[in-house]
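What follows is a short report on a single structure.
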Amino acid sequence: MSAGQARRVALVTLGCSRNEVDSEELAARLAAGGFQLVDEAAEADAVLVNTCGFVDVAKKDSIDALLAASGGPQAVVAVGCLAERYGAELAESLPEADAVLGFDAYPDIADRLSAVLAGARPAAHVPRDRRALLPITPVERPRAAADVVVPGHGSVVRRRLDDSPVAALKISSGCDRRCSFCAIPSFRGSHVSRPPQDILAEAEWLAGQGARELVLVSENSTSYGKDLGDLRALEKLLPQLAATPGIVRVRTVYLQPAETRPSLLEVLLTTPGVAPYLDLSFQHASPAVLRRMRRFGGAADFLGLLRRGRSLAPALGARSNFIVGFPGETAEDLDMLADFLEQAELDAVGIFGYSDEEGTEAVGLPGKIAEGEIEDRRARIVDLVEQLTAARAERRIGETVEVLVDEIDEDGHAYGCAAHQQREVDGACAVRLAGPAADGVALAVGDLVAARVTGAEGVDLVTELVAVLDRASAPGPAPGEADPVPAGARP
């Protein structure tokens, strides 16, 4: 690297959309510190791997990404959930990483990375349970916790890493629930909501960057506002976000069924500009299994919630995730789950086989099921789900859906997601330009269109253009070229 040449850094992001938001915060801080952001690790002086620390497969993917990056650049640095969760243990077991940095390193990440490139090898932190640092709400953080960093909070900076018309927007971090299988609260901390004015300011900034759909993310969106003293804060926030100039759709994900109150359900499903979409964390349908998971409800409760939702929005999109093979799960419990899925009419379903997570209550529960049996159960439910979701998609044939175009291929064909489809999660729509409505029409990324469903391929839909509802404005700045600090949230 010649004198005066900017140091180049590549960001590799693993895991959920919350991590994607964190990577954009890191990108902004690195750019402000003089780093040039590049797409390819082979072109970089340093690679920052934003890891995922939840479930064995995600942890393995994070380790593999670190090892893959270690052969080229001068420095490979681990950040994110795996780094925060394991700290010094990860550093010791993975000498290929030149540094393992926790969340507290985020505000001065550029200085930390510069030091690593200069030859420093910082000692990794010894993890602490972040619930002790960020106490259960109401949040009156003690002096000792005042400097605890919560990614995506406080003085928020952000630089978009792609030009998609769909952007994640973090509304809170952490979780106060104590599900027996989940370690996330121990390394993400207790629930902390962002102030509404910060969220609205970032929404305006994202719209200025070309975003057309906002996906509200958190560990538990239905808890938003309880630490601010307002259990209806999300109900008030959603219409304001939907009214943001340039935004045509707002989508909320990570909803807890037990916290989805009737008044919140009504706002989610009847507010203009808010996608009639429920991403509900059911996890199982057997009340007995759910109690061992330290969760509430069961098949009857969940079906009732879905019925109430469909009474408000008949074309409702609904998705959920489930764990099979949880300790003590019986054949009858699995049958109950299968029966529930057959009645629930979900558009998209994630199925996971149980695995022990260190530090969770479930590790010590009796009734452990052999790995082979867990995989057999998972395969059975996955096969069922594939049939059910394909049938659900076919029942949408004849409906008119609103599609946000997010891709135009080289032949001019348009693709995007309807209101019942979360991008890169729930399938997509192909929009055919056929018939009188398409005469002389050329679609662009960011256009919102009405399209009639004419076919289904698995969970994906084939549609035909009916009308252009809202044209995208001129493209926003290219990724990495704009002021990375959202208006109203400057440090």
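Heavy-atom basis, side chains included; hydrogens, waters and symmetry copies ignored.
- Side chain to side chain, T360 and E358 fail the donor-acceptor criterion of an N or O pair below 3.5 Å.
- The backbone N or O of R194 sits nowhere less than 3.5 Å from a side-chain atom of D198 that would complete a donor-acceptor pair.
- At a cut-off of 3.5 Å, with distance as the only test, no side-chain donor of Y254 or E219 sits close to an acceptor on the other residue.
- A search for salt bridge (charged side-chain N to carboxylate O under 4.0 Å, His left out) contacts involving R232 returns E235, not counting sequence neighbours.
- The side-chain hydrogen bond (donor to acceptor under 3.5 Å, both in side chains) search around E329 returns H284, R377, not counting sequence neighbours.
- Remark: the backbone N or O of D406 is not paired with any side-chain donor or acceptor of R212 at under 3.5 angstrom.
- Expressed to the nearest 0.5 Å, how far CG of D356 lies from CZ of F181 amounts to 13.0 Å.
- Side-chain contact of D129 with S186: a donor-acceptor pair under 3.5 Å is absent, judged by distance alone.
- Counting only N and O atoms by type, the side chains of S172 and S193 include no donor and acceptor under 3.5 Å apart.
- Note: F282 and F302 have parallel aromatic rings, judged against thresholds of 30 and 60 degrees for the angle between ring planes.
- Without hydrogens or angle criteria, T51 side chain to V79 main chain gives a donor-acceptor distance under 3.5 Å.
- Checked for salt-bridge contact, E399 and R452 miss the test: no charged N lies under 4.0 Å from a carboxylate O.
- Exactly one of V253, L238, V274 qualifies for a side chain to side chain contact (heavy atoms under 4.5 Å, CB included) with L216. That residue is L238.
- Looking only at distances, no side-chain donor or acceptor of R378 sits under 3.5 Å from a matching main-chain atom of F352.
- Both the sub-6.0 Å distance and the 45° axial angle are not jointly satisfied by R85 relative to the ring of F187.
- Screening Q256, E259, H191 for a side-chain hydrogen bond (donor to acceptor under 3.5 Å, both in side chains) with N220, the sole residue that qualifies is E259.
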